[in-house]
Amino acid sequence: MASTKIKGFHARLLDAVGQAVVATDPLGKVIYWNRAAESLYGWSVEEVMGRSIVEITPSEDLVERANEIMTELTRGSSWSGEFTTRRKNGTTFPALVTDTPVHDEQGNLVAIIGVSTDITEIKQTEELQRSEERFRLLVEKVKDYAIFMLDPEGCVNSWNAGAERIKGYRSEEIIGRHFSVFYLPEDIERGHPEKELRLAQELGHCEEEGLRVRKDGSRFWASVLITALVDEEGNLRGFSKVVRDITERKNMEERLEYQAFHDLLTGLPNRLLFMDRLKQTLRRANRQRKRKVAVLFMDLDNFKVVNDSLGHELGDQLLVAAVERLRHSLRPEDTLARFGGDEFTVLIEDVQNSAEVVRMAERLVETLRRPFVIDERELFVGASIGIAQGDAHMKSPEELLRDADVAMYRAKEDAADYRMFDPGMHRRALERMELENDLRHALENEEFTVYYQPKFRLGQQDTIEEVEALVRWEHPQRGLMLPDDFIPIAEEIGLIIPIGGWVMKEACRQTKEWQELYPGEPPLGVVGVNLSAKQVLHPGLLKDVKSALLKSSLEPGSLVLEITEGTLVKDTQVIETIFGELKELGVSLAIDDFGKEYSSLSYLSRLPVDALKIDRLFLESFREHPSNMLIVEAVISLAQTLGLEVTGEGVESVEQLERLRGIGCNFAQGYHLARPLPSEEMRSLLANRPV
């Protein structure tokens with residue numbers, strides 16, 4: 001080629017070529033650019049003529065391989081290779097380039113003609129083929145998933161290692177067989193495999209979880225994805241199936257579901273499951289419109305004492321033993337559930353009449369009366385049962401359970417085995433709830449006050465030497481309320497600690513004031529303050545006593561803490577420690593209501609008590625039971641031997657007072673001598689100090 005320009009026929013010929021043809025001089029300046037090059041690279045002839053080809057079609061591959069290319073061309077050889085090059089708009093593409101050198105008659109290199117072809121589609125096809133090959137190898141090696149193909153009729157035509165591991169069939173055993181071999185017989189009868197294929201064909205794919213069968217007949221839970229395979233014309237070519245063994249997950253779900261709806265200790269249904277069954281039972285009763293439903297709410301009596309004194313492990317054993325007895329006392333169709341702690345519920349369906357339910361309650365109570373022998377210990381528990389009846393027209397599940405709960409509390413209050421719910425119980429329960437709410441605000445609203453009942457030393461002249469502090473609640477609507485009306489509630493809802501602390505501080509303050517105002521002879525030396533069991537066992541008791549004494553400046557010897565006899569059996573070792581700490585402060589200790597409950601004389605020798613207060617029941621019934629006074633006389637004699645002083649409580653007549661005086665009782669207290677008085681009236685009484 002004598003000229004570096006391509007003209008005329010040759011140019012027209014090259015423009016007609018479908019591939020991009022570019023000619024450059026030996027320095028790489030463009031001297032020809034055909035129409036295909038314009039289309040491929042996006043540059044027009046006018047834009048590229050005379051410019052460097054490296055600038056127009058930049059390529060890192062071209063720069064790296066420039067020396068290699070020029071060496072071949074200088075030798076007179078053509079060079080071919082693949083480049084990733086760039087268009088005018090910045091996009092890149094893979095190109096196959098063939099460069100051919102053009103020399104003059106003297107053998108000098110005068111031009112380079114390059115032919116470029118876009119090989120994007122070729123590359124994509126190669127990558128697809130490589131991907132399919134990698135996918136095939138991957139599928140064959142995957143062991144956690146069964147991956148296999150079906151023909152349009154559902155017969156297996158491919159089988160991977162995971163399918164062999166999960167299903168148990170080797171490839172040669174299963175190829176050509178229908179995939180329904182993996183299904184349960186009952187699913188095959190229902191046509192489930194065919195429905196699965198039909199659904200996958202309609203929707204494109206189908207996912208489900210279900211039981212499948214292995215070659216050895218064992219069953220397992222499977223997660224299945226089946227996909228319909230269609231060609232470009234939409235013709236069904238077959239199905240792919242991906243199966244994963246999810247048995248372990250299903251077992252875990254079942255365990256979690258069981259734990260969510262059952263009590264782990266006893267295996268009984270818990271509150272959630274019981275309420276669900278109650279709801280379903282009421283719906284059935286509503287549809288049948290025949291019989292009613294009964295709910296029994298049961299609380300084990302004396303269980304807390306066993307649990308606290310002997311430990312939770314033994315308490316758990318006792319619960320399990322009690323549940324076994326209760327189960328055997330119920331019909332198979334009845335539901336026994338544990339609500340928590342020592343509370344149980346029973347659901348009785350198809351109740352004919354109330355007598356039937358009462359017989360059931362009596363049977364349950366009776367089965368618990370016999371002693372339980374656990375770890376060679378003989379233990380006793382009882383039961384208080386509340387009964388509520390209804391149907392879906394009358395009661396919701398929540399209302400029925402609430403009514404049974406209310407009736408159970410009434411049974412406890414009445415010390416009865418069971419009580420049937422009546423609307424009056426609900427009204428009383430609402431009143432109690434209102435009282436609880438009022439009680440929570442009573443302390444901050446300063447509604448409590450302290451009354452004082454004198455205690456007389458018996459002698460030739462009976463004189464007031466001590467007073468007992470008794471709390472009263474001046475309720476805004478109900479008026480003056482006595483301790484029996486609200487102290488049990490305060491103990492249940494945890495308010496007895498702050499209320500008791502306030503009473504102690506107020507009693508110490510008032511006593512110190514009276515001591516200074518009325519120093520008569522003998523002086524008013526002591527104030528008695530009652531402590532509940534929860535106060536005695538409260539960790540802050542010592543701090544509260546110290547605070548009350550310090551704030552009032554009352555001498556510790558002027559404070560007597562009165563503890564009921566029943567408190568002493570809560571935890572003997574703890575009680576001994578607490579009593580010792582209180583004695584170190586210098587306060588006195590008295591056992592209140594002595595003889596009412598346990599009357600264990602061992603307490604008198606082990607605990608550092610100073611006084612006994614004999615329960616009023618001995619004085620109330622001494623005429624009907626003359627032996628009562630003999631018991632009182634024996635207690636006084638024993639107390640005197642131990643150096644303890646004795647107070648007779650509940651003196652309401654001259655005869656009772658003279659009896660106490662005659663047998664040497666130290667103190668007497670009761671309405672015959674003086675009623676509890678507000679501080680103003682007590683001040684007046686102390687000022688005159690009557691005999």
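Hydrogens, waters and symmetry mates play no part in the numbers below; they use all other heavy atoms, side chains included. None of these values were measured; they are calculated from a predicted model.
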Determine whether a donor-acceptor pair (N or O, by modelled atom type, separation under 3.5 Å) exists between the side chain of [X] and the backbone of [Y].
{"X": "His475", "Y": "Ala442", "answer": "no"}
{"X": "Asn235", "Y": "Asp231", "answer": "no"}
{"X": "Ser218", "Y": "Arg214", "answer": "no"}
{"X": "Thr247", "Y": "Trp221", "answer": "yes"}
{"X": "Arg165", "Y": "Gly168", "answer": "no"}
{"X": "Asn160", "Y": "Ile147", "answer": "yes"}
{"X": "Asn270", "Y": "Leu273", "answer": "yes"}
{"X": "Arg212", "Y": "Val224", "answer": "no"}

Between Phe148 and Phe182, does a ring-ring contact (aromatic ring centres under 6.0 Å, His included) hold up when you go through it step by step?
-> CA-CA 13 Å; Phe148 53 97; Phe182 311 131; 5.7 Å; yes

[X] to [Y] - nearest heavy-atom pair and separation:
{"X": "Pro483", "Y": "Val471", "result": "CG-O, 3.2 Å"}
{"X": "Ile489", "Y": "Asp485", "result": "CD1-O, 4.0 Å"}
{"X": "Leu368", "Y": "Ala383", "result": "CD1-CB, 3.7 Å"}
{"X": "Ala228", "Y": "Ala200", "result": "CB-O, 3.7 Å"}
{"X": "Ile374", "Y": "Leu318", "result": "CD1-CA, 3.3 Å"}
{"X": "Leu364", "Y": "Thr367", "result": "O-CG2, 3.0 Å"}

For the pair Tyr258 and His262, name the ring-plane relationship: parallel under 30°, tilted 30 to 60°, perpendicular over 60°.
->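 Ring orientation of Tyr258 relative to His262: parallel.
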
Do the rings of Phe448 and Trp502 sit parallel, tilted or perpendicular, given the 30° and 60° boundaries?
-> tilted

Salt bridge or not for [X] and [Y], using N-O below 4.0 Å?
{"X": "Asp350", "Y": "Arg331", "answer": "no"}
{"X": "Arg402", "Y": "Glu399", "answer": "no"}
{"X": "Arg363", "Y": "Glu366", "answer": "no"}
{"X": "Glu208", "Y": "Lys195", "answer": "no"}
{"X": "Lys304", "Y": "Asp299", "answer": "no"}
{"X": "Glu254", "Y": "Lys250", "answer": "no"}
{"X": "Arg190", "Y": "Glu186", "answer": "no"}

Just wondering, are more than 12 heavy atoms of other shown residues or ligands nearer than 6.0 Å to [atom1] in [X]?
{"X": "Arg377", "atom1": "CZ", "value": "no"}
{"X": "Glu333", "atom1": "CD", "value": "yes"}
{"X": "Lys412", "atom1": "NZ", "value": "yes"}
{"X": "Glu172", "atom1": "CD", "value": "yes"}

Please list every donor-acceptor pair under 3.5 Å in which a side-chain atom of residues 353-361 meets a protein atom from a residue at least two apart or in another chain.
| from | atom 1 | to | atom 2 | distance (Å) |
| --- | --- | --- | --- | --- |
| Asn353 | OD1 | Ala355 | N | 3.2 |
| Asn353 | OD1 | Glu356 | N | 2.9 |
| Ser354 | OG | Gln389 | OE1 | 2.8 |
| Glu356 | OE1 | Gln352 | N | 2.9 |

Going by heavy atoms in the side chains, are Arg472 and Thr449 under 4.5 Å from each other?
->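 Arg472 reaches Thr449 side chain to side chain.
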
Are the side chains of Ile575 and Leu537 in touch, meaning some heavy atoms are under 4.5 Å apart?
-> yes

Arg478 charged N/C atom sitting above Phe486 aromatic ring, 6.0 Å / 45° =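 The answer is no; the distance or angle limit is not met.
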
Evaluate the side-chain contact (heavy atoms from CB on, under 4.5 Å) criterion for residues Leu184 and Val213: first the C-alpha distance (whole Å), next the side-chain angles of each, then the deciding distance (0.1 Å), finally the verdict.
-> CA-CA 6 Å; Leu184 274 61; Val213 182; 3.6 Å; yes

In Å, rounded to the nearest 0.5 Å, how long is the span from CG of Asp151 to CZ of Arg237?
-> 11.0 Å

Donor-acceptor side-chain pairing of Trp159 and Glu164 below 3.5 angstrom =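 No, no side-chain donor-acceptor contact under 3.5 Å.
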
